[in-house]
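No experiment lies behind these values; they were computed from the predicted model shown. Note: hydrogens, waters and symmetry copies are ignored here, and every other heavy atom, side chains too, is used.
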Amino acid sequence: MTLDPASEKAARIANALNGLGHIALGHPLEWARSTKGDAKAREEFHEDATLVLELVESDAGRKSPATRRPAECKAALSLFRDMVKTIDFDDAASMARLKEYARQALEAFIGETLPEKLPE
């Protein structure tokens, strides 16, 4: 089934936010890494951050009440994008920083503090 352009864009944004959420909440990345490889996983997380950053920077994003703290969100997304390009997913310190950037971006985007973990 082919989606109309607006629906396709909404789906891409939802998937991008989901990708950032995986990092922000510390979900295991083994499945993505084993099926796609580290380079592809890095590329996809970079694309996720880029898509959300473009949304926040757009006229619609600047005027939207959904984007609560756009300047903070943009800053965290920029740091995330810069770091994810070359991250070693096995380096705990790097992953902790990447997780923090993702959390900061999402918290600024929604204007609320994320839980450390999702309820089981």
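For the atom pair D38 CG and T86 OG1, the distance stands at 12.0 Å (nearest 0.5 Å). Note: L17 CG to L55 CG = 7.5 Å, rounded to the nearest 0.5 Å. Rounding to the nearest 0.5 Å places CG of L77 at 10.5 Å from CD of E72.
Using a 4.5 Å cut-off on side-chain heavy atoms (C-beta onward), F109 and L20 make no contact. Annotation: side chain of L51 is not in contact with side chain of N15 (no heavy-atom distance under 4.5 Å).
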Atom pairs and distances, side-chain donor-acceptor, residues 7-14, under 3.5 Å, sequence neighbours left out:
from, atom 1, to, atom 2, distance (Å)
S7, OG, D4, OD1, 2.7
S7, OG, D4, OD2, 3.4

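Every side-chain contact (heavy atoms from CB on, under 4.5 Å) that E47 has, sequence neighbours left out, goes to E43. In this view, K85 satisfies the salt bridge (charged side-chain N to carboxylate O under 4.0 Å, His left out) rule with no residue, not counting sequence neighbours. Annotation: side-chain contact (heavy atoms from CB on, under 4.5 Å) contacts of I87 (sequence neighbours excluded): R42, M83, V84, F89, S94, M95, L98.
Contact record, G19 with D48: CA-OD2, 3.5 Å, taken as the closest heavy-atom pair. Shown here for A105 and C73, the closest heavy-atom pair between the two residues is O-SG, 3.4 Å. In plain terms, the two heavy atoms of K36 and E44 that are nearest each other are NZ-OE1, 2.7 Å. Across all non-hydrogen atoms, the minimal contact from L25 to P115 is CD2-O, 3.2 Å. The heavy-atom pair separating L53 from S78 by the smallest distance is CD2-OG, 4.1 Å.
The salt bridge (charged side-chain N to carboxylate O under 4.0 Å, His left out) contacts involving residues 88-103 comprise R33-D90, R103-E107, R103-E116, where partners must be two or more places apart or lie in separate chains. Among residue pairs with one or both ends in residues 16-27, none qualify as salt bridge (charged side-chain N to carboxylate O under 4.0 Å, His left out); sequence neighbours excluded.
With E54 as the partner, the side chain to side chain contact (heavy atoms under 4.5 Å, CB included) test is satisfied by one option alone out of V52, T50, V56: T50.
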